K.L.:
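Just dropping this structure here.
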Amino acid sequence: MVLLVPELAFMTGIPDIRKDSRMLKDVMQEMLQSPRQHYLRLSSLLHRIRDSAEASQELLRWGLRLDLDIHRVRAPELPRSGPAVAPRQHHGFLLSQTEGRVLPMERINLRHSSFIPSEDLSWNKELVREASISAISMNYWLLVYPKRLQNLAKDLVSAMESVSGPIGMRVSRPALVELKDDRIETYARSIRSMLSGEDKVQILLCIISGSREDLYAAVKKLCCVQCPVPSQVINAQNLSGQPGKLRSVVQKVLLQMNCKLGGELWGVDIPL
């Protein structure tokens, strides 16, 4: 068994995490922390190590000592260059003090405006309120869904038309492909039939009834290998619930589809 220190480790993946919305929310809260929050957590860890006789004894056995001051900064704010942060050694002890530079916040540029992101480095709200740097119009696209989800498909199209304006996209009415059932063979046969006879399809949007990895993989393989076309797959469960949830999901989906079509959402100043 390998025991990892949470404050010094970074998670790379948890199996089936997206099936548990509560766990996903908790994990995202731990990952999306501000520098100040990281500093407080590391400080708390160092104090717990100091207050633990067993941990302190283990460090002494190795000839190590952890200093409680981990936030010594040489300059409050300097240009974007300088030495990397690293620990210092002194008389056999490993000190946890750091010396480095605090970089200024990057300015995020949209088509008609720019802004400095908040401390948590999130700018999702700005992206759906302002036009992207470049937006690709969806003039001819396919919407594939099983018959029992036809009402949800109509709501999805209406929501896409509603939220596309603020982000600078123009979404035309899709070519609807209604399936009699949600079997993999039905999806594959219908998609292949539509794409083989149409060479002007910009992107394919599929609604599936649940978290079906086999169906998702089949659609992606078909659209990436056999009939190359950009594709987007949506789980119907993510579209159900309050109208506000549907709108939020559709905004994120449209941003993803814009990128897959070659659009550019935002940028930063590169001084070269």
Side-chain angles (χ1 to χ4, degrees), residues 1-108 115-127 210-211 213 216 235 237-238 241-242 244-245 248-249 252 255-256 266 268-269:
M1 177 182 295
V2 178
L3 302 179
L4 301 177
V5 180
E7 289 82 356
L8 301 178
F10 293 90
M11 184 192 69
T12 59
I14 297 179
D16 302 325
I17 185 175
R18 294 194 176 276
K19 296 181 180 180
D20 189 334
S21 58
R22 181 174 299 179
M23 178 186 294
L24 178 60
K25 181 179 180 181
D26 293 340
V27 170
M28 294 305 294
Q29 288 180 345
E30 292 297 318
M31 294 177 60
L32 302 178
Q33 292 191 355
S34 67
R36 177 66 179 175
Q37 290 174 314
H38 280 296
Y39 163 67
L40 293 176
R41 291 192 63 186
L42 286 174
S43 296
S44 176
L45 171 64
L46 292 176
H47 281 84
R48 295 205 309 271
I49 293 176
R50 182 198 62 181
D51 297 338
S52 171
E54 183 179 357
S56 299
Q57 185 63 34
E58 183 65 21
L59 286 176
L60 289 176
R61 191 170 70 88
W62 286 86
L64 301 176
R65 177 177 62 85
L66 292 177
D67 197 296
L68 298 181
D69 180 12
I70 63 171
H71 198 245
R72 175 179 296 177
V73 178
R74 179 175 296 169
E77 185 170 341
L78 293 174
R80 298 181 182 86
S81 63
V85 176
R88 296 186 295 112
Q89 290 187 345
H90 180 67
H91 300 304
F93 296 102
L94 179 63
L95 305 181
S96 62
Q97 295 176 348
T98 60
E99 293 184 358
R101 298 177 178 178
V102 177
L103 299 179
M105 296 289 289
E106 292 284 357
R107 178 172 292 275
I108 306 300
F115 60 91
I116 300 295
S118 58
E119 188 180 32
D120 61 358
L121 301 180
S122 173
W123 54 88
N124 295 329
K125 294 181 179 179
E126 289 82 358
L127 281 182
S211 300
E213 296 182 3
Y216 177 87
N235 185 343
Q237 296 177 353
N238 296 332
Q242 300 296 327
K245 178 183 178 182
S248 176
V249 172
K252 296 176 182 178
L255 292 175
Q256 293 180 43
W266 52 269
V268 295
D269 295 327

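Keep in mind that this is a model prediction, so the values were computed, not measured. Quick note: residue numbers are just sequence positions, from 1.
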K.L.:
Would Ser52 and Arg48 count as having a side-chain donor-acceptor pair, cut-off 3.5 Å?
P.N.:
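No donor-acceptor contact under 3.5 Å links the two side chains.
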K.L.:
Within this structure, what is the CH2-CD1 distance for the pair Trp123 and Ile108, rounded to the nearest 0.5 Å?
P.N.:
4.0 Å
K.L.:
If only atom types and distance count, is the side chain of Ser56 paired as donor or acceptor with the main-chain N or O of Ile49 below 3.5 Å?
P.N.:
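Yes, because the side chain of Ser56 sits within donor-acceptor range (under 3.5 Å) of the backbone of Ile49.
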K.L.:
To the nearest 0.5 Å, how far apart are CG in Leu66 and CG in Leu42?
P.N.:
11.0 Å
K.L.:
Show the nearest heavy-atom pair for residues Met105 and Ile116, with the distance to one decimal.
P.N.:
CB-CG2, 3.7 Å
K.L.:
Rounded to the nearest 0.5 Å, what separates atom NE2 in His38 from atom CZ in Arg41?
P.N.:
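Output value for this atom pair is 8.0 Å.
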K.L.:
Measure the spacing between CD of Glu106 and CH2 of Trp266 and express it to the nearest 0.5 Å.
P.N.:
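So the gap between those two atoms works out to 9.5 Å.
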K.L.:
Measuring from atom CG of Leu64 to atom CD of Glu58, what distance do you get when rounded to the nearest 0.5 angstrom?
P.N.:
9.5 Å
K.L.:
Which atom pair, heavy atoms only, marks the closest approach of Gln237 to Lys245?
P.N.:
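In this case the closest contact between Gln237 and Lys245 is O-NZ, 3.6 Å.
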K.L.:
Just checking Lys252: does its NZ atom have more than 12 heavy atoms from other residues, nucleotides or ligands closer to it than 6.0 angstrom?
P.N.:
no
